[in-house]
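These numbers were taken from a predicted model, which means no experiment stands behind them. Just so you know, these numbers use all the heavy atoms, side chains as well, and skip hydrogens, waters and symmetry mates.
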Amino acid sequence: MFCSLFMLLCLEAFFVFCPPAGFEPHHVLAPTKMGNAEPYHVEAQYDWNDDGTPDHFRLRVQKEVAPLVEGLEQTPARNQHWSYHCWLVVDSGFDQSTLWEDEWSVRESDLVSFQEIVNFGTADEFFPKWFTWKFHGELNQDLNLNSFEVRQLEDRIIHEDVLGSEIKRLKIEGITPAELKVEILGNKSSRIFVYRGSQREDIRWAVYVPRLRKVMMFLNGFAD
């Protein structure tokens, strides 16, 4: 009887301290936020909708880690890589409505591409200056890495295919990409924000369209 009681206690201890592995979630490919990685918060102000009140541009960056994958089966590899997930939100300074939202990820290996145009060593140096970085560009001029401008846009940099995608995304009716392009070209004071996303070559161009009261992307990449 003593042996039976002893065996019963051992079995109870086994189930108490060794729960079934199937109860634990297993998402090996999902990025995870690092507990000790504080996010970056960077802000700037520009009057994007031309209402006389500066709008709030906010960039938030969270450092993440995710396993690399191999082959068509997306098998997790042994090594891991760092990435920086970025959220850009622009709120109206007048009524706090959201004018623009975008997000992207910068892999640590792609962060190096920005070192070709601005001088920094680590992400701790790069992201806090996201709105203010300048680099030595064409015609020996100091150019902004991310810039807000007021000017008339050229025909060659407004892409109708990008406008068409934006019209669908925003569910805008009653205007074609060609008509929208003509309207943007006719504005001698277009208010645009140009910024770089996942790598140096990922340049995103967005403009505020007064008649539609919306911000829309019109080009992705280098201007022709």
Side-chain angles (χ1 to χ4, degrees), residues 41-61 84-106 110 113-114 117 130-135 137-139 141 143-224:
H41 295 275
V42 193
E43 299 186 8
Q45 290 189 341
Y46 306 105
D47 185 5
W48 205 351
N49 57 6
D50 196 21
D51 64 356
T53 303
D55 303 311
H56 304 292
F57 288 62
R58 297 183 176 92
L59 178 75
R60 180 177 181 272
V61 183
Y84 300 88
H85 197 82
C86 307
W87 295 267
L88 175 64
V89 178
V90 182
D91 293 329
S92 166
F94 176 71
D95 60 8
Q96 286 72 57
S97 61
T98 300
L99 298 176
W100 184 248
E101 291 181 294
D102 198 3
E103 65 178 283
W104 62 91
S105 288
V106 182
D110 289 329
S113 69
F114 293 99
I117 52 178
W130 195 77
F131 285 106
T132 57
W133 274 118
K134 292 182 180 292
F135 66 96
E138 299 177 353
L139 303 177
Q141 294 179 342
L143 305 177
N144 294 318
L145 180 68
N146 307 292
S147 62
F148 180 81
E149 302 175 64
V150 180
R151 64 182 176 89
Q152 187 169 18
L153 295 173
E154 303 88 1
D155 179 274
R156 63 185 177 86
I157 68 173
I158 303 176
H159 288 197
E160 288 188 26
D161 57 336
V162 178
L163 292 179
S165 297
E166 289 289 84
I167 288 173
K168 290 181 180 179
R169 181 180 67 84
L170 297 169
K171 297 181 173 62
I172 298 173
E173 299 179 352
I175 192 169
T176 67
E179 292 170 340
L180 181 56
K181 180 175 182 177
V182 170
E183 182 166 335
I184 295 173
L185 284 173
N187 187 351
K188 295 183 179 180
S189 301
S190 285
R191 309 177 80 83
I192 66 172
F193 185 59
V194 185
Y195 59 101
R196 297 179 190 246
S198 58
Q199 54 187 330
R200 181 180 68 90
E201 295 82 4
D202 179 18
I203 308 174
R204 307 181 183 199
W205 306 62
V207 61
Y208 180 77
V209 182
R211 185 170 73 85
L212 300 177
R213 300 180 66 183
K214 293 184 182 295
V215 173
M216 308 179 70
M217 190 172 290
F218 61 91
L219 175 61
N220 191 193
F222 288 101
D224 297 333

(request) Identify the heavy atoms of Asp47 and Gly52 that sit nearest to each other, and give their distance. (result) OD2-N, 2.9 Å
(message) Test of understanding: with salt bridge (charged side-chain N to carboxylate O under 4.0 Å, His left out), list the residues that count as partners of Glu154, not counting sequence neighbours.
(response) Arg151
(message) With a 4.5 Å cut-off on side-chain heavy atoms, are Ser190 and Asn187 touching?
(response) yes
Could you list the donor-acceptor pairs under 3.5 angstrom formed between side-chain atoms of residues 208-222 and any protein atom two or more places apart in sequence or on another chain?
from: Arg211; atom 1: NE; to: Glu183; atom 2: OE1; distance (Å): 3.0
from: Arg211; atom 1: NE; to: Glu183; atom 2: OE2; distance (Å): 3.2
from: Arg211; atom 1: NH2; to: Glu183; atom 2: OE1; distance (Å): 3.2
from: Asn220; atom 1: ND2; to: Asp202; atom 2: OD1; distance (Å): 3.2
from: Asn220; atom 1: ND2; to: Ile203; atom 2: O; distance (Å): 2.9

(request) Would you please indicate yes or no on a ring centroid separation below 6.0 angstrom for Phe57 and Trp100? (result) no
(message) Under 6.0 Å from the ring centre and within 45 degrees of the ring axis: does the NZ or CZ of Arg60 meet both conditions for the six-membered ring of Trp87?
(response) yes
(message) Can you tell me how far apart CG (Asn146) and NZ (Lys134) are? Round to the nearest 0.5 Å.
(response) 11.0 Å
(message) Is there a side-chain contact between Asp91 and Arg58 in this structure, where contact means two heavy atoms from C-beta onward sitting under 4.5 Å apart?
(response) yes
(message) Quick check for you: to the nearest 0.5 Å, what is the distance between Trp130 atom CH2 and Arg196 atom CZ?
(response) 11.0 Å
(request) Check whether any side-chain heavy atom of Asp110 sits under 4.5 Å from a side-chain heavy atom of Ser198, and report yes or no. (result) no
(request) Evaluate the side-chain proximity of Val90 to Tyr46: yes if any heavy-atom separation is below 4.5 Å, no if none is. (result) no
(request) Give a yes-or-no answer on whether the side chains of Ser92 and Asp95 include a donor-acceptor pair shorter than 3.5 Å. (result) yes
(request) Supply the atom-to-atom distance Ile158 CD1 to Lys181 NZ, rounded to the nearest 0.5 angstrom. (result) 6.5 Å
(message) With rounding to the nearest 0.5 angstrom, report the OG to CZ distance, Ser147 to Phe131.
(response) 11.5 Å
(message) With rounding to the nearest 0.5 angstrom, report the CG to NE2 distance, Leu99 to His56.
(response) 10.5 Å
(message) Any heavy-atom pair between the side chains of Trp104 and Tyr195 that's under 4.5 Å?
(response) yes
(request) Scan for salt bridge (Lys or Arg N to Asp or Glu O under 4.0 Å) pairs involving residues 160-170, sequence neighbours excluded, and state none if there are none. (result) Glu166-Arg169
(request) May I have the step-by-step check of side-chain contact (heavy atoms from CB on, under 4.5 Å) for Glu149 and Val194, ending in yes or no? (result) CA-CA 8 Å; Glu149 302 175 64; Val194 185; 4.2 Å; yes
(request) Look up atom CD in Glu179 and atom CG in Leu163, then write down how far apart they are to the nearest 0.5 Å. (result) 12.0 Å
